[in-house]
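Structure record follows, encoded as structure tokens.
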Amino acid sequence: QVRLVESGGGMVQPGESLKLSCATSGSIFRIYDMGWYRQAPGKEREWVALVTNDGITRYVDYVKGRFTISRDNTKKSMYLQMNSLKPEDTAVYYCKIIVNIQQGGPSYQYWGQGTQVTVSS
């Protein structure tokens with residue numbers, strides 16, 4: 001059973017920083033893409049950032065220059081450094097991974113349970 005657990009959320013003031021972590025557990029042969037998504041109250045879940053297994057990163061335009069996604073393949077973990085936070089960044093942040101459970105098997109995607117980020121003065 002693959003599990004993802006996000007941590008690092010909290011309440012901060014505008015301009016401050018937070019670092020989210022996504023830890024994985026369970027039997028995983030290989031992790032492909034890892035990504036962060038967020039869902040604000042009353043809105044649909046949206047993609048925020050992506051890091052491939054080759055270390056290529058992608059960001060949605062409105063977080064470029066402020067957020068940095070990274071991964072540690074030895075720890076099978078992913079991070080999101082969020083700087084210069086704005087009230088509009090307030091949301092529940094989720095991590096998602098695409099994995100192989102066994103060599104040559106199909107790929108699956110898994111989601112974490114989410115961590116709340118609130119940016120308010």
Side-chain angles (χ1 to χ4, degrees):
Q1 182 76 16
V2 175
R3 290 189 64 223
L4 280 67
V5 178
E6 300 98 335
S7 61
M11 178 178 288
V12 296
Q13 295 188 346
E16 294 185 338
S17 300
L18 281 174
K19 184 174 183 178
L20 306 183
S21 299
C22 176
T24 67
S25 62
S27 179
I28 298 174
F29 173 72
R30 182 176 184 180
I31 301 177
Y32 293 99
D33 293 353
M34 306 180 81
W36 288 98
Y37 291 71
R38 70 187 187 187
Q39 186 167 18
K43 296 186 177 181
E44 294 188 353
R45 190 174 300 187
E46 61 183 9
W47 169 73
V48 175
L50 164 76
V51 57
T52 70
N53 60 334
D54 294 328
I56 297 171
T57 58
R58 296 283 187 269
Y59 301 92
V60 68
D61 284 348
Y62 44 80
V63 305
K64 285 180 180 178
R66 298 191 297 123
F67 291 10
T68 303
I69 189 172
S70 61
R71 62 191 281 170
D72 184 331
N73 290 328
T74 59
K75 295 182 179 179
K76 297 181 179 178
S77 296
M78 174 177 62
Y79 310 95
L80 186 67
Q81 177 66 46
M82 305 186 295
N83 298 329
S84 302
L85 282 162
K86 304 176 181 180
E88 51 264 43
D89 295 318
T90 295
V92 177
Y93 284 71
Y94 299 88
C95 61
K96 186 187 86 170
I97 64 173
I98 299 175
V99 306
N100 277 142
I101 302 299
Q102 56 187 359
Q103 186 175 8
S107 59
Y108 299 93
Q109 69 176 31
Y110 292 92
W111 290 88
Q113 83 291 345
T115 185
Q116 177 70 46
V117 172
T118 302
V119 185
S120 175
S121 56

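Counting begins at 1 with the first residue of the sequence.
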So if you build clusters from Ile, Leu, Val, Met, Phe, Trp, Tyr with side-chain heavy-atom gaps below 4.5 Å, do Val92 and Val5 land together?
no
Quick check on the hydrophobic clustering: are Tyr59 and Tyr62 connected, directly or via other members, by side-chain heavy-atom contacts under 4.5 Å?
yes
Stepwise side chain to side chain contact (heavy atoms under 4.5 Å, CB included) test for Lys76 and Ile28:
CA-CA 9 Å; Lys76 297 181 179 178; Ile28 298 174; 4.0 Å; yes
Strictly below 4.0 Å, N to O, side chains only: are Lys64 and Asp61 in salt-bridge contact?
yes
Salt bridge present between Arg66 and Asp89 (N-O < 4.0 angstrom):
yes
So, for [X] and [Y], which heavy atoms are closest and what is the spacing to 0.1 Å?
X: Ser27; Y: Val2; value: O-CG2, 3.8 Å
X: Pro14; Y: Ser121; value: CD-N, 3.7 Å
X: Arg38; Y: Val63; value: NH1-CG1, 4.3 Å
X: Ser77; Y: Ala23; value: OG-CA, 3.9 Å
X: Val99; Y: Tyr110; value: CG2-CE1, 3.6 Å
X: Leu80; Y: Trp36; value: CB-NE1, 3.5 Å

CD/Gln1: more than 12 non-hydrogen atoms of other groups inside 6.0 Å:
no
Residues which pass side chain to side chain contact (heavy atoms under 4.5 Å, CB included) with Arg58, listed by chain and number, not counting sequence neighbours
Trp47, Leu50, Ile56
Is there side-chain contact between [X] and [Y], with at least one heavy-atom pair below 4.5 Å?
X: Ile69; Y: Val48; answer: no
X: Val117; Y: Leu18; answer: yes
X: Ser25; Y: Arg3; answer: yes
X: Tyr93; Y: Thr115; answer: yes
X: Glu6; Y: Gln113; answer: yes
X: Asn100; Y: Tyr108; answer: no

To the nearest 0.5 Å, atom CD of Gln13 lies from atom OG of Ser120 at 8.0 Å
Rounded to the nearest 0.5 Å, the CD1 atom of Ile98 sits from the CE atom of Met34 at a distance of 10.5 Å
Identify whether NZ of Lys or CZ of Arg in Lys19 sits under 6.0 Å from the centre of the six-membered ring of Tyr79 and within 45° of that ring's axis.
yes
Test side chain to side chain donor-acceptor pair (under 3.5 Å) on Asn83 and Gln81 and set out the steps.
CA-CA 6 Å; Asn83 298 329; Gln81 177 66 46; 2.9 Å; yes
Under 3.5 Å: donor-acceptor pair, side chain of Ser84, backbone of Gly15
no
With distance as the sole test, does Lys43 use its side chain to make a donor-acceptor pair with the main-chain N or O of Ala91 at under 3.5 Å?
no
Once the angle between the rings of Trp111 and Tyr94 is folded into 0 to 90°, is it parallel (under 30°), tilted (30 to 60°) or perpendicular (over 60°)?
perpendicular
Given side chain to side chain donor-acceptor pair (under 3.5 Å), test Tyr37 with Arg45 step by step and report yes or no.
CA-CA 7 Å; Tyr37 291 71; Arg45 190 174 300 187; over 6 Å; no
Go through Thr74 and Asp72 one step at a time and tell me if the side chain to side chain donor-acceptor pair (under 3.5 Å) criterion holds.
CA-CA 6 Å; Thr74 59; Asp72 184 331; 2.5 Å; yes
Verdict with reasoning, Asp33 to Val51, per side chain to side chain contact (heavy atoms under 4.5 Å, CB included)
CA-CA 6 Å; Asp33 293 353; Val51 57; over 6 Å; no
Under the disulfide (SG to SG under 2.5 Å) rule, what pairs show up with a residue in residues 70-121, not counting sequence neighbours?
Cys22-Cys95
Tell me, with the steps shown, if Asn73 and Ile31 meet side chain to side chain contact (heavy atoms under 4.5 Å, CB included).
CA-CA 8 Å; Asn73 290 328; Ile31 301 177; 5.8 Å; no
Could you check Thr118 against Gln116 for side chain to side chain donor-acceptor pair (under 3.5 Å), going step by step and ending with a plain yes or no?
CA-CA 6 Å; Thr118 302; Gln116 177 70 46; 3.3 Å; yes
List the steps and the verdict of side chain to side chain contact (heavy atoms under 4.5 Å, CB included) for Gln109 and Lys96.
CA-CA 7 Å; Gln109 69 176 31; Lys96 186 187 86 170; 3.5 Å; yes
